2 protein chains.
Amino acid sequence: MVEVPAQQRSTRQRRAVSAILDDLDGFASAQQIHDKLSHRGEKVGLSTVYRNLQALVDAAQVDMIRADDGEVLYRRCNAGHHHHHLVCRSCGRTVEVSGSAIERWAEAVAAEHAFVEVEHTIEVFGTCSSCAAR
Amino acid sequence: MVEVPAQQRSTRQRRAVSAILDDLDGFASAQQIHDKLSHRGEKVGLSTVYRNLQALVDAAQVDMIRADDGEVLYRRCNAGHHHHHLVCRSCGRTVEVSGSAIERWAEAVAAEHAFVEVEHTIEVFGTCSSCAAR
DNA sequence: GACTTCTGTGAGAACGGTTGTCAAAACGAT
DNA sequence: ATCGTTTTGACAACCGTTCTCACAGAAGTC
Ligand SMILES: [Zn+2]
Ligand SMILES: [Zn+2]
Ligand SMILES: [Zn+2]
Ligand SMILES: [Zn+2]
């Protein structure tokens, strides 16, 4: 008999990556996550970290943004709805924000110039109060 | 006698890069610009293209954005004021847009969470009418 | 023009983040 | 335990970008 393809097996590595994301309160790069895993004594290959992060992004369980220098950053995303981020560029602490005003503005601007299949990228970077206190 | 340092010499390569940017109506990557130069018979080293583009960005004469795949795209920027872009993801055609509503939203959101030294990235991507007509 | 000085150039190497390869390991259903 | 399939990981390959440094060539001076 052909079994149902269990297209997501539970492995030690997958659980470890997921656990790191749970303990993280801001965005982190794949390599930073890999380092944190090593620190915990979890031996996980770098390729595996990349693969699992990508899978989580595809499953909409993780948000992905790109830092100024081009590095990709990941963060667990609980919210199921469309939102944006206010990120501390020093410690990575992040607040999820959203606003219908912006969404309407983006759509209006696109419609005004007859663009279709519209997407947008909106990220706000700053220094959080704790980091500014130094 | 020590002359005044003319911190920007006029070279064939610099003029060639600038000319390409003038003829371009959308964003293009450094390598695309390098290819266009070769096509015109202008021999300019890739490093030189990167250097001159960076110099133009520093001089606020060129806008720089990052494509989804991380590649950096450049485009001549006439406007001296803060603005954002509505970019066709297919042909690169670009409209410069701005709106005080968004600017105020970004500031309000940051202030609400006590973030300082705030910057933001807002880009709208879509398919322009000519590209959608295919 | 000739001479000098200092910036700009370019071929190639190096870099850094990310993705691909593929044999071995591990999961999970039976 | 066995088997078919997924997952892993060491390592190489990739790709855009930056660095290196000997040399070319602007521009100022006489
Ligand atoms: Zn902070
Ligand atoms: Zn939005
Ligand atoms: Zn188009
Ligand atoms: Zn703005």
Side-chain angles (χ1 to χ4, degrees), chain A residues 1-21 27-59 61-75 92, chain B residues 1-21 27-59 61-75 92:
Chain A
M1 197 83 274
V2 175
E3 76 275 23
V4 177
Q7 62 242 50
Q8 193 77 328
R9 289 183 181 177
S10 168
T11 65
R12 174 182 63 78
Q13 295 87 338
R14 237 193 296 264
R15 284 188 299 267
V17 169
S18 207
I20 289 280
L21 286 167
F27 280 92
S29 71
Q31 318 218 58
Q32 285 173 332
I33 290 169
H34 181 248
D35 288 348
K36 283 181 196 291
L37 284 167
S38 304
H39 253 230
R40 287 194 182 179
E42 290 277 9
K43 298 197 314 306
V44 181
L46 185 53
S47 309
T48 300
V49 173
Y50 274 106
R51 265 189 307 246
N52 284 327
L53 286 173
Q54 191 53 60
L56 288 165
V57 169
D58 292 345
Q61 292 181 32
V62 160
D63 281 344
M64 192 182 109
I65 62 175
R66 205 172 278 275
D68 277 3
D69 65 353
E71 206 175 10
V72 177
L73 307 179
Y74 304 86
R75 175 174 183 269
Chain B
M1 199 82 274
V2 175
E3 74 274 23
V4 177
Q7 64 242 54
Q8 194 74 326
R9 291 183 181 176
S10 167
T11 66
R12 174 183 64 79
Q13 294 87 337
R14 202 159 277 172
R15 284 187 298 268
V17 169
S18 208
I20 290 278
L21 286 167
F27 280 92
S29 71
Q31 317 217 58
Q32 285 173 333
I33 290 169
H34 181 248
D35 287 348
K36 283 181 196 291
L37 285 168
S38 305
H39 258 223
R40 287 193 181 178
E42 290 277 8
K43 297 198 314 308
V44 181
L46 185 54
S47 310
T48 300
V49 173
Y50 274 106
R51 263 190 307 248
N52 284 327
L53 286 172
Q54 191 53 60
L56 287 165
V57 169
D58 292 345
Q61 292 180 31
V62 160
D63 281 344
M64 191 183 110
I65 62 176
R66 205 172 278 274
D68 277 3
D69 65 353
E71 205 174 10
V72 177
L73 306 178
Y74 304 87
R75 175 173 183 271

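The structure presented is a predicted model; accordingly, all values stated were derived computationally and were not measured. Throughout, protein chains are lettered first and strands after them, A, B, ... in sequence-line order, and every chain is numbered starting at 1.
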* Hey, does the side-chain of B:R9 have a donor or acceptor N/O within less than 3.5 Å of a partner on the base of C:dT7? -> yes
* Asked: Taking the side chain as C-beta and beyond, is there a heavy-atom pair between B:V44 and B:R12 under 4.5 Å?
  -> yes
* NA contact type, A:S29, heavy-atom cut-off 4.0 Å: base, sugar-phosphate, or nothing? -> nothing
* Starting at atom CD of B:Q54, determine the distance to atom C1' of D:dG16, rounded to an integer number of angstrom. => 14 Å
* Could you give the CG-to-C1' distance, from A:L46 to D:dA12, as a whole number of Å? -> 13 Å
* For the pair made of CD in B:E71 and P in D:dT18, what is the distance, rounded to whole Å? -> 12 Å
* Could you tell me the separation between the CZ atom of B:R14 and the C1' atom of D:dA24, rounded to a whole number of Å? => 14 Å
* Asked: Can a side chain N or O of A:T11 be found less than 4.0 Å away from OP1 or OP2 on D:dT8?
  -> yes
* To do: Using whole Å, report how far CE of A:M64 lies from C1' of C:dT19.
  => 14 Å
* Within this structure, what is the CG-to-P distance between B:D58 and D:dT18, rounded to whole angstrom? -> 11 Å
* **Check: A:R51 side chain, D:dG9 base, donor-acceptor under 3.5 Å** => yes
* When you get a sec, tell me which of C:dT21, D:dG16, C:dG12 is the closest nucleotide to the side chain of B:S47? => C:dG12
* To do: Please determine, by modelled atom types, if A:Q54 and A:D58 share a side-chain donor-acceptor pair under 3.5 angstrom.
  => yes
* Examine the side chains of B:S18 and B:R15 and answer whether a donor and an acceptor come within less than 3.5 Å of each other. => no
* Asked: So what does A:N52 hit on the nucleic acid, given a heavy-atom distance under 4.0 Å: a base, only sugar-phosphate, or nothing?
  -> sugar-phosphate
* Has A:Q13 got a side-chain N or O lying under 4.0 Å from the OP1 or OP2 atom of D:dT7? -> no
* To do: Grab the CD-P distance between B:Q31 and D:dT17 for me, whole Å please.
  => 6 Å
* To do: Please state how far atom CD in A:Q8 lies from atom P in D:dT7, giving the value in whole angstrom units.
  => 6 Å
* Structure fact -> The residue among B:L53, B:V49, B:I20 that forms side chain to side chain contact (heavy atoms under 4.5 Å, CB included) with B:Y74 is B:L53
* Structure fact -> Whichever of B:G45 and A:Y74 has the more 5' nearest nucleotide on DNA chain C, that residue is B:G45
* **Residue closer to the 5' end of DNA chain D, A:V49 versus B:R66 (nearest nucleotide)** => A:V49
* Are side-chain heavy atoms of B:R66 and A:D68 found at a separation under 4.5 Å? -> no
* **B:V44 side-chain proximity, nearest of D:dT17, C:dG10, D:dT8** => C:dG10
* To do: Taking only the side-chain nitrogens and oxygens of B:Y50, find out if one of them lies under 4.0 Å from OP1 or OP2 of D:dT17.
  => yes
